[in-house]
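A quick write-up on the structure given underneath.
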Amino acid sequence: MIDPAKIWLDDRGQHIQAHGGAIIDVDGTYYWFGEDRSPDNDPGTCPVACYASKDLINWEFRGQVFEGRNPAKIEGLWQIERPKVFHCKATGKFVMYMHIDGQVPGHWSRYRRAEVGIAVCDTVDGNYEWVRSFRPLGKESRDIGQFIDDDGQAYLIFESRPEGGFHIARLSENYLDVAESVAFIKSPIEGGAIVKYDGLYYCLGSQLTGWWPNANKYATSEKLEGPWSEFRDLAPPETLTYGSQSTYLLKVVGSETTTVIYMGDVWRPYELADSRYLWYPLEIGGGEMALKPDSGWAPGIWSLDVRSGDVEYDE
Ligand code: DGJ
């Protein structure tokens with residue numbers, strides 16, 4: 001069972017450290033990558049952790065697959081956030097994208113570099129090796145998201161502050177670059193996530209309120225290129241998305257039904273290691289998408305059969 005926004009233990013009995021994360025399915029196993037904020041991390045590192053599961057409920061810690069020891073050699077303050085791993089069928093490699101950021105001379109903010117970093121590995125949960133960092137398509141990029149379309153095409157979603165919106169950008173053939181922007185949506189949204197459901201694209205994201213929760217919003221379109229609809233609230237706005245921020249939309253296609261899971265982070269900015277995960281099945285279809293807990297005021301305990309796709313709610 002999944003108990004939203006509560007401590008979630010891994011196979012070692014430790015709180016899962018995969019914040020700002022996403023999940024890929026490799027040969028029937030789910031791999032969850034995210035920011036590892038463990039308090040005992042070496043302070044000179046910003047590691048990315050990997051967990052594996054067959055059922056999305058029980059997670060085995062596979063290790064800190066990227067150590068993140070200031071790989072871009074940024075002077076001053078720096079950090080790595082929101083890692084996303086793509087499996088490149090053309091090269092067989094696993095390619096990790098991450099938001100890498102830091103100070104630039106003469107400025108106090110830790111978010112001035114606004115780049116993505118790339119690291120690669122031959123296996124999904126091996127040691128990822130640093131490749132480089134850059135601004136995708138020459139643009140500032142902060143919180144990133146990942147989308148893999150039903151045809152296998154991979155996209156990076158990145159927020160571009162100077163343009164007041166975000167891009168949905170196709171990766172290059174070998175996934176080591178961002179090839180082109182297929183859509184720019186002029187809406188101040190970060191932590192972008194996309195799912196294709198019943199022939200329609202649903203794009204979700206959070207507003208720009210830093211670590212503090214807000215009413216996350218979604219838009220729809222028949223094509224990734226757009227035109228995209230107006231943005232609407234995912235949940236009753238007064239709940240501030242039940243205190244969470246979007247990070248990924250996971251589609252589980254089962255034998256009986258397809259379930260789309262909202263994956264959000266419940267950040268604790270002053271104690272990031274204690275940040276939680278708010279995962280909950282969405283009501284989706286006909287252009288509407290809603291995070292609507294059964295109990296009315298907070299998402300309760302639920303579980304899922306990944307084979308059938310069926311969800312059960314705890315009464
Ligand atoms: C910066 C954003 O403003 C926060 O909301 C949060 O997403 C962090 N990045 C962590 O990725």
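Start at 1 with the first residue, then count along the sequence. Indexing begins at 1, ligand by ligand and atom by atom, following the structure's order.
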Which bit of [X] gets closer than 4.0 Å to ligand 1, counting heavy atoms only: side chain, backbone, both or neither?
X	value
R142	neither
E35	side chain
H99	neither

Considering only protein heavy atoms, which is closest to [atom], and at what distance to one decimal place?
atom	result
atom 3 (O) of ligand 1	E190 OE2, 3.2 Å
atom 9 (N) of ligand 1	E81 OE1, 2.7 Å
atom 4 (C) of ligand 1	G210 O, 3.3 Å

Between [X] and [Y], is the ring centre distance below 6.0 Å?
X	Y	result
Y277	W32	yes
W267	W212	no
F61	Y51	yes
Y97	F86	yes

Does atom CG of D27 have more than 12 heavy-atom neighbours from other groups under 6.0 Å away?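 Atom CG in D27 is not crowded, with 12 or fewer foreign heavy atoms closer than 6.0 Å.
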
Relative to atom 1 (C) of ligand 1, which among I80, D101, D265, D143 owns the nearest non-hydrogen atom?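 The nearest heavy atom belongs to D143.
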
Pairing of R161 and E163 as salt bridge, 4.0 angstrom limit: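 Result for this pair is no, no salt bridge flagged.
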
Could you check whether any heavy atom of G191 sits closer than 4.0 Å to an atom of ligand 1, since that is the contact criterion I want to use?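 It does not, in that no heavy atom of G191 comes within the 4.0 Å cut-off of ligand 1.
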
Could you tell me, atom by atom, which parts of ligand 1 come under 4.0 Å of a heavy atom of R82?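 Here the atoms of ligand 1 in question are 6 (C), 7 (O), 11 (O).
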
Find all atoms of ligand 1 within a distance of less than 4.0 Å from any non-hydrogen atom belonging to W211, and give their numbers and elements.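 Ligand 1 atoms under the 4.0 Å threshold to W211: 5 (O), 6 (C), 8 (C), 10 (C).
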
Hey, is the main chain of R268 close enough, under 3.5 Å, to the side chain of S275 for a donor-acceptor pair?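 Present.
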
Check whether any side-chain N or O of D233 sits under 3.5 Å from a backbone N or O of K217 as a donor-acceptor pair, and report yes or no.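 Such a contact is absent between D233 side chain and K217 backbone.
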
N/O separation below 3.5 Å, W267 to ligand 1: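 Between W267 and ligand 1 (N or O atoms, distance only) the closest approach is not under 3.5 Å.
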
